[in-house]
*Asks:* 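Dropping the structure in here first, questions after.
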Amino acid sequence: MDRKINKLKKILKNLKSAVIAYSGGLDSTFLLKVAVDTLGSKNVLAVTARSETYPISEYKEAARIARSIGARHLTIHTEELKIKKFKSNPVNRCYYCKRELFKKLGGIKNRYGMAYVLDGTNYDDLKDMRHGKRAAGELGVKSPLLEARMTKADIRRFSKRLGLPTWDKPSFACLASRIPFKDEITIAGLRRIDIAEGYLKGLGFKQFRVRAHKDIARIEILKDEFKKALRFHDSMSDKLKDLGFVYVTLDLGGYRMGSMHEAA
């Protein structure tokens with residue numbers, strides 16, 4: 001474990017300064033903390049992108065954590081929904097989103113005199129389909145956690161040791177990932193998903209997704225929370241139907257990352 005953290009610090013020291021794509025999630029928060037501790041706050045700039053594809057609650061939490069770390073923090077606005085190839089929702093949708101983000105971060109890097117743009121890709125991400133990694137490669141974005149071979153479990157353990165509030169934070173992906181490929185991504189559709197998932201969060205569910213199959217809401221939760229879902233089944237159904245869903249279903253397969261790829 002210590003060997004990995006020492007390798008990460010060595011990688012960061014060699015980079016000297018960086019702009020970090022910072023979402024406030026487990027990976028980017030850990031990277032930001034180690035970068036600030038290793039390089040100093042003047043050599044690190046955390047940048048959080050705001051758009052319709054991320055809930056405002058995620059942004060507010062990211063800003064609060066950046067302040068607690070003592071990091072410089074900048075907010076930008078990205079416009080994925082103006083990109084036709086993103087809005088049409090192909091299987092490689094993430095490529096267009098990440099390319100939009102990394103191009104803007106590259107401009108910020110130059111403006112602030114930083115050496116590199118970094119993202120929070122970790123070693124476990126190699127197991128998943130990551131079209132955004134292609135955009136990172138094309139635009140010279142570096143992934144120190146991946147280079148240090150840090151897994152998600154490593155990052156959670158180190159984050160806990162460092163006292164970061166994200167050490168046990170559930171995985172999160174942009175709201176567009178709840179929409180089946182080839183179904184158009186719209187502001188109204190994203191907003192509906194955001195409200196539905198905010199409701200589930202308020203009920204105390206830990207890890208969940210509301211997958212929007214047109215008029216069907218397919219809820220994914222952890223299997224050990226199925227009994228809890230049955231206690232709230234009437235209110236969950238009523239709430240999501242009020243949002244415009246005709247049918248509300250519980251996926252018996254439970255929560256799983258990237259389930260939309262199963263039908264791609």
*Asks:* Please examine the side chains of N122 and F30, heavy atoms only from C-beta on, and report whether any two atoms are closer than 4.5 Å.
*Replies:*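 Of all side-chain heavy-atom pairs linking N122 with F30, none is under 4.5 Å.
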
*Asks:* Check side chain to side chain donor-acceptor pair (under 3.5 Å) between S143 and all other residues, then give those that pass, not counting sequence neighbours.
*Replies:*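 With neighbours one apart ignored, the set is D119, K133.
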
*Asks:* Kindly write out the residues that satisfy side chain to side chain donor-acceptor pair (under 3.5 Å) with Y95, not counting sequence neighbours, or none if the list is empty.
*Replies:*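 Y95: side chain to side chain donor-acceptor pair (under 3.5 Å) contacts with E138.
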
*Asks:* According to side chain to side chain contact (heavy atoms under 4.5 Å, CB included), who are the partners of A148, at least two apart in sequence or on a separate chain?
*Replies:*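 Applying side chain to side chain contact (heavy atoms under 4.5 Å, CB included) to A148 gives K7, L8, I11, M150.
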
*Asks:* Taking only Lys NZ, Arg NE, NH1 and NH2, and the carboxylate oxygens of Asp or Glu, determine whether K169 and E58 approach each other closer than 4.0 Å.
*Replies:*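 Between E58 and K169 there is a salt bridge, with a charged N closer than 4.0 Å to a carboxylate O.
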
*Asks:* Judged by atom type as modelled, is there a donor-acceptor pair below 3.5 Å linking the side chain of T78 to the main-chain atoms of E80?
*Replies:*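 Not confirmed, T78 side chain does not pair with E80 backbone.
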
*Asks:* Could you give the distance from CD1 (I221) to CG (L203), rounded to the nearest 0.5 Å?
*Replies:*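 One finds 10.0 Å between CD1 of I221 and CG of L203.
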
*Asks:* Report, as yes or no, whether the 6.0 Å neighbourhood of atom NZ on K214 holds more than 12 heavy atoms from other residues, nucleotides or ligands.
*Replies:*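 No - once you tally the heavy atoms of other residues, nucleotides and ligands closer than 6.0 Å, there are 12 at most.
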
*Asks:* Checking D224 against K206 for the salt bridge (charged side-chain N to carboxylate O under 4.0 Å, His left out) test, could you report, in this order, the C-alpha distance in whole Å, the side-chain angles of both residues, the deciding distance, and whether it holds?
*Replies:* CA-CA 10 Å; D224 61 9; K206 298 173 186 175; 5.3 Å; no

*Asks:* Which atom pair, heavy atoms only, marks the closest approach of V44 to A35?
*Replies:*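 Closest heavy-atom pair between V44 and A35: CG2-O, 3.7 Å.
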
*Asks:* Can you tell if the side chain of V34 reaches within under 4.5 Å of the side chain of D37, non-hydrogen atoms only?
*Replies:*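 The answer is no, as the side chains (C-beta and beyond) never meet within the 4.5 Å cut-off.
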
*Asks:* Side chain to side chain contact (heavy atoms under 4.5 Å, CB included), that's the test. Do V91 and H131 meet it? Break it down for me.
*Replies:* CA-CA 9 Å; V91 173; H131 294 289; 3.9 Å; yes

*Asks:* Between side-chain atoms of residues 251-259 and protein atoms elsewhere (two or more places apart, or another chain), which donor-acceptor pairs fall under 3.5 Å?
*Replies:*
| unit_1 | atom_1 | unit_2 | atom_2 | d |
| --- | --- | --- | --- | --- |
| D251 | OD1 | G253 | N | 2.7 |
| D251 | OD2 | R218 | NH1 | 2.7 |
| D251 | OD2 | R256 | NH1 | 3.3 |
| D251 | OD2 | R256 | NH2 | 3.0 |
| R256 | NE | E262 | OE2 | 2.7 |
| R256 | NH1 | G254 | O | 2.7 |
| R256 | NH2 | E262 | OE1 | 3.3 |
| S259 | OG | R211 | NE | 3.2 |
| S259 | OG | R211 | NH2 | 3.4 |
| S259 | OG | E220 | OE2 | 2.5 |

*Asks:* In the hydrophobic cluster built from side-chain contacts under 4.5 Å, what are the other members alongside M114?
*Replies:*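 The other cluster members (ILVMFWY side chains, heavy atoms under 4.5 Å, direct or chained) are V19, L45, V47, L74, I76, L101, F102, L105, I108, Y112, V117, L139, V141.
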
*Asks:* Are side-chain heavy atoms of L32 and I65 found at a separation under 4.5 Å?
*Replies:*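 In short, these two side chains do not touch, never coming nearer than 4.5 Å.
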
*Asks:* According to ring pair (Phe, Tyr, Trp, His ring centres under 6.0 Å), does anything in residues 197-233 pair up with another residue at least two apart or in another chain? List the pairs.
*Replies:*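 As it turns out, there is no ring pair (Phe, Tyr, Trp, His ring centres under 6.0 Å) pair with a partner in residues 197-233 once direct neighbours are skipped.
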
*Asks:* S237 and D234: side chain to side chain donor-acceptor pair (under 3.5 Å), yes or no, with the steps?
*Replies:* CA-CA 5 Å; S237 178; D234 283 336; over 6 Å; no

*Asks:* Go through it in stages, so that I can follow the logic: the residues are K239 and D242, the test is salt bridge (charged side-chain N to carboxylate O under 4.0 Å, His left out), and I'd like the CA-CA distance, side-chain angles, deciding distance and then a yes or no.
*Replies:* CA-CA 5 Å; K239 177 63 177 180; D242 285 345; over 6 Å; no

*Asks:* Does D183 reach the main-chain N or O of N89 with its side chain, forming a donor-acceptor pair under 3.5 Å?
*Replies:*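 No; judged by distance alone, with no hydrogens or angles, the pair does not exist.
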
*Asks:* Under a single-linkage rule joining Ile, Leu, Val, Met, Phe, Trp and Tyr whose side-chain heavy atoms are separated by less than 4.5 Å, which residues share a cluster with L230?
*Replies:*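 Under the 4.5 Å side-chain rule, L230 groups with nothing.
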
*Asks:* Does any non-hydrogen side-chain atom of P55 lie less than 4.5 Å from one of L175?
*Replies:*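 Yes. Closest side-chain heavy atoms under 4.5 Å.
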
*Asks:* How far does CZ of R156 sit from CG of D168, to the nearest 0.5 angstrom?
*Replies:*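 Reported value, rounded in 0.5 Å steps: 7.0 Å.
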
*Asks:* Under the rule for side chain to side chain donor-acceptor pair (under 3.5 Å), what residues qualify as partners of K82, not counting sequence neighbours?
*Replies:*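 With sequence neighbours excluded, K82 shows a side chain to side chain donor-acceptor pair (under 3.5 Å) to E79, given in chain and number order.
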
*Asks:* Applying the 4.5 Å side-chain criterion to the ILVMFWY set and letting contacts propagate, would M260 and I179 be lumped into a single cluster?
*Replies:*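 They do not share one cluster, since no chain of ILVMFWY contacts under 4.5 Å joins M260 to I179.
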
*Asks:* For residues L200 and L222: do they belong to one hydrophobic cluster (side chain heavy atoms under 4.5 Å, members Ile, Leu, Val, Met, Phe, Trp, Tyr)?
*Replies:*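 No; tracing contacts between hydrophobic side chains, which count when under 4.5 Å, never links both residues.
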
*Asks:* Would you name the heavy atoms of G113 and S17 that are closest together and state the gap between them?
*Replies:*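 Distance-wise, the nearest heavy atoms are O-OG, 4.3 Å.
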
*Asks:* Using the rule that two of Ile, Leu, Val, Met, Phe, Trp, Tyr join whenever any of their side-chain heavy atoms come within less than 4.5 Å, decide whether I193 and L81 are in one cluster.
*Replies:*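 Result: yes, single cluster for both.
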
*Asks:* Please check if the side chain of K228 supplies one atom and the backbone of G204 the other of a donor-acceptor pair under 3.5 Å.
*Replies:*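 Present.
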
*Asks:* Is it the case that the side chains of S235 and D238 hold a donor-acceptor pair, with the cut-off being a distance below 3.5 Å and no angle test?
*Replies:*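 Absent: no donor and acceptor within the cut-off.
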
*Asks:* What are the two closest heavy atoms between P180 and A212, and how far apart are they?
*Replies:*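 Shortest heavy-atom separation between P180 and A212 comes out as CD-O, 3.1 Å.
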
*Asks:* Does F245 CZ have over 12 foreign heavy atoms under 6.0 Å away?
*Replies:*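 Enclosed: over 12 neighbouring heavy atoms sit under 6.0 Å from CZ of F245.
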
*Asks:* Considering only heavy atoms from C-beta outward, does the side chain of V248 approach that of M236 to under 4.5 Å?
*Replies:*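 No, side chains not in contact.
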
*Asks:* Is the closest side-chain heavy-atom distance between L145 and D154 below 4.5 Å?
*Replies:*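 Answer no - side chains too far apart.
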
*Asks:* Run the side chain to side chain contact (heavy atoms under 4.5 Å, CB included) test against T75 and tell me which residues pass, sequence neighbours left out.
*Replies:*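 T75 satisfies side chain to side chain contact (heavy atoms under 4.5 Å, CB included) with R50, Y59, H73 once adjacent residues are dropped.
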
*Asks:* Between I83 and E100, which heavy-atom pair has the shortest distance, and what is it?
*Replies:*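 Residues I83 and E100, closest heavy atoms: CD1-CB, 3.8 Å.
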
*Asks:* I need the S177 OG to I185 CD1 distance, nearest 0.5 Å.
*Replies:*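 It is 9.5 Å, given to the nearest 0.5 Å.
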
*Asks:* Hey, quick one: are L190 and L240 part of the same hydrophobic cluster, counting side-chain heavy atoms closer than 4.5 Å, chains of contacts allowed?
*Replies:*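 In one cluster: no.
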
*Asks:* Spell out, as yes or no, whether a donor-acceptor pair under 3.5 Å connects the side chain of K16 to the backbone of N43.
*Replies:*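 A pair under 3.5 Å: no.
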
*Asks:* Applying a strict under-4.5 Å side-chain criterion to I, L, V, M, F, W and Y, I'd like to know whether V36 and I5 cluster together.
*Replies:*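 Result: yes, single cluster for both.
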
*Asks:* Who passes side chain to side chain donor-acceptor pair (under 3.5 Å) against E197, sequence neighbours left out?
*Replies:*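 Counting only residues at least two positions away or on another chain, E197 forms a side chain to side chain donor-acceptor pair (under 3.5 Å) with R178.
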
*Asks:* Hey, are the side chains of K13 and T38 touching, using non-hydrogen atoms and a 4.5 Å cut-off?
*Replies:*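 In contact.
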
*Asks:* To the nearest 0.5 angstrom, please state how far the OG atom of S23 sits from the CZ atom of F172.
*Replies:*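 If I round to the nearest 0.5 Å, the distance is 9.5 Å.
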
*Asks:* Would you say T166 and S159 are linked by a side-chain donor-acceptor pair, where the criterion is simply a distance under 3.5 Å?
*Replies:*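 Their side chains do not contain a donor-acceptor pair, so the 3.5 Å distance test is not met.
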
*Asks:* Do the side chains of D27 and K152 get close enough for a salt bridge, i.e. N-O under 4.0 angstrom?
*Replies:*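 Salt bridge: yes.
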
*Asks:* Scan residues 84-97 for pairs that pass salt bridge (Lys or Arg N to Asp or Glu O under 4.0 Å), counting only residues two or more places apart or in two chains.
*Replies:*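 Applying salt bridge (Lys or Arg N to Asp or Glu O under 4.0 Å) to every pair that reaches into residues 84-97, excluding sequence neighbours, yields K87-E184.
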
*Asks:* With heavy-atom distances below 4.5 Å as the criterion, would you say the side chains of R99 and K103 are in contact?
*Replies:*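 Yes; the side chains approach each other to less than 4.5 Å.
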
*Asks:* How long is the gap from CG on L162 to NZ on K33, to the nearest 0.5 Å?
*Replies:*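 Reported value, rounded in 0.5 Å steps: 6.0 Å.
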
*Asks:* Could you go through L118 and L15, starting from their C-alpha distance and side-chain angles, then the distance that decides it, and tell me whether this counts as side chain to side chain contact (heavy atoms under 4.5 Å, CB included)?
*Replies:* CA-CA 10 Å; L118 312 182; L15 298 178; 3.6 Å; yes

*Asks:* CG/L31 to OH/Y22 distance, rounded to the nearest 0.5 angstrom?
*Replies:*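 It is 11.0 Å, given to the nearest 0.5 Å.
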
*Asks:* Could you identify which residues cluster with V246, counting Ile, Leu, Val, Met, Phe, Trp and Tyr as linked when any side-chain heavy atoms lie under 4.5 Å apart, either directly or through a chain of such contacts?
*Replies:*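 I216, Y247, which link up through side-chain heavy atoms under 4.5 Å apart, make up the rest of the cluster.
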
*Asks:* Quick check: closest heavy atoms across A62 and G24, and the distance to 0.1 Å?
*Replies:*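 Heavy atoms only, the tightest pair is CB-CA, 3.7 Å.
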
